[in-house]
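I have placed the structure first, in the form of structure tokens, so that the comments after it can refer back to it.
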Amino acid sequence: MTARSIAVLLSGSGSNLQAVLDAQASGELAGRVALVISDRADAYGLQRALGYGIPCAFVPLPAAPPAERAAARAAWERRLLSVLNAFSYDLVLLSGFMRVLSAEFLASCRAPVINQHPALLPDPADAAAGRDYVPTSAGARVPALRGAHVVAEALRRGLGATGCTVHYVTPEVDNGPVLARAEVPIVPGDTEASLHERIKIAERRMIVEVLARLA
Ligand code: GAR
């Protein structure tokens with residue numbers, strides 16, 4: 001697989017996208033960001049991409065009453081795919097994209113999808129064998145944390161370390177084959193914001209390394 005032409009999906013600040021764009025500009029990265037899509041109009045990541053002249057699209061998931069939610073979500077995923085497919089891409093990077101993509105979307109997507117996750121995740125084979133944790137450098141076991149609030153969860157559980165993972169996206173949420181992971185210690189006095197910022201420092205380095213490897 002090559003990752004020469006990357007479609008980025010994001011919902012927020014896009015500091016990881018910035019690291020990728022900086023690596024692209026400095027020649028560290030052979031691939032290039034071909035387009036950026038957000039489900040949020042106010043995602044600062046869109047402004048970062050526009051500053052580089054990269055095509056951007058805002059594809060919101062409309063609110064719907066419970067009975068119509070599944071159909072609205074399926075229609076939204078079809079719109080996402082049609083925007084993606086108006087471009088040429090060989091990798092989709094979820095970089096702070098706070099939506100779950102369905103098995104149908106993943107099967108229809110023309111390229112592999114990878115995700116940045118702000119916690120340590122084991123390989124799916126380990127998780128399936130009951131080893132749903134990642135050993136740390138200190139010999140501890142950090143349980144796999146999945147979902148949207150894993151930084152707060154790491155603090156709530158009083159873990160000594162957490163980290164970040166880049167993995168392929170599969171229909172099982174936050175449980176795809178791992179491309180890279182990095183450990184981040186939790187220090188006394190950490191808040192969700194301070195810990196997430198340190199995790200993101202590791203993530204920015206890691207995503208550039210992963211994309212350079214895939215390209
Ligand atoms: C990153 O920490 C990424 O791992 C996380 O959102 C942040 C995006 O930061 N992704 C998720 O939580 C996905 N469930 P950024 O907008 O500053 O690049």
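As the structure is a prediction and not an experimental result, all values here were calculated from the model. Both counts, for ligands and for their atoms, begin at 1 and track the order of listing.
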Determine whether a donor-acceptor pair (N or O, by modelled atom type, separation under 3.5 Å) exists between the side chain of Arg48 and the backbone of Ser13.
yes

Is a side-chain donor or acceptor of Asp90 paired with a backbone partner of Arg4 at a separation under 3.5 angstrom?
yes

Measure across Leu91 and Ala111 and return the closest heavy-atom pair with its distance rounded to 0.1 Å.
N-CB, 3.6 Å

Please report the shortest heavy-atom distance between Gly45 and Leu17, naming the atom on each side.
O-CD2, 3.5 Å

Is a donor from one side chain sitting under 3.5 angstrom from an acceptor on the other, for Arg99 and Ser11?
no

Going by the order shown, which atoms of ligand 1 are within less than 4.0 Å of some heavy atom of [X]?
{"X": "His117", "result": "4 (O)"}
{"X": "Met98", "result": "11 (C), 12 (O), 13 (C), 14 (N)"}
{"X": "Ser15", "result": "15 (P), 16 (O), 17 (O), 18 (O)"}

Which residue owns the protein heavy atom closest to atom 6 (O) of ligand 1, what's the atom, and how far is it?
Gly96 CA, 3.4 Å

Got the closest protein heavy atom to atom 16 (O) of ligand 1, with its distance?
Gly14 N, 2.7 Å

Atom 7 (C) of ligand 1: which of His196, Met206, Gln116 has the nearest heavy atom?
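That would be His196.
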
Out of Glu203, Lys200, Arg204, who gets a non-hydrogen atom closest to atom 2 (O) of ligand 1?
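It is Glu203 whose heavy atom sits nearest to atom 2 (O) of ligand 1.
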
How about CZ on Arg146, more than 12 heavy atoms from neighbouring residues, nucleotides or ligands closer than 6.0 Å, or not?
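Result for CZ/Arg146: enclosed.
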
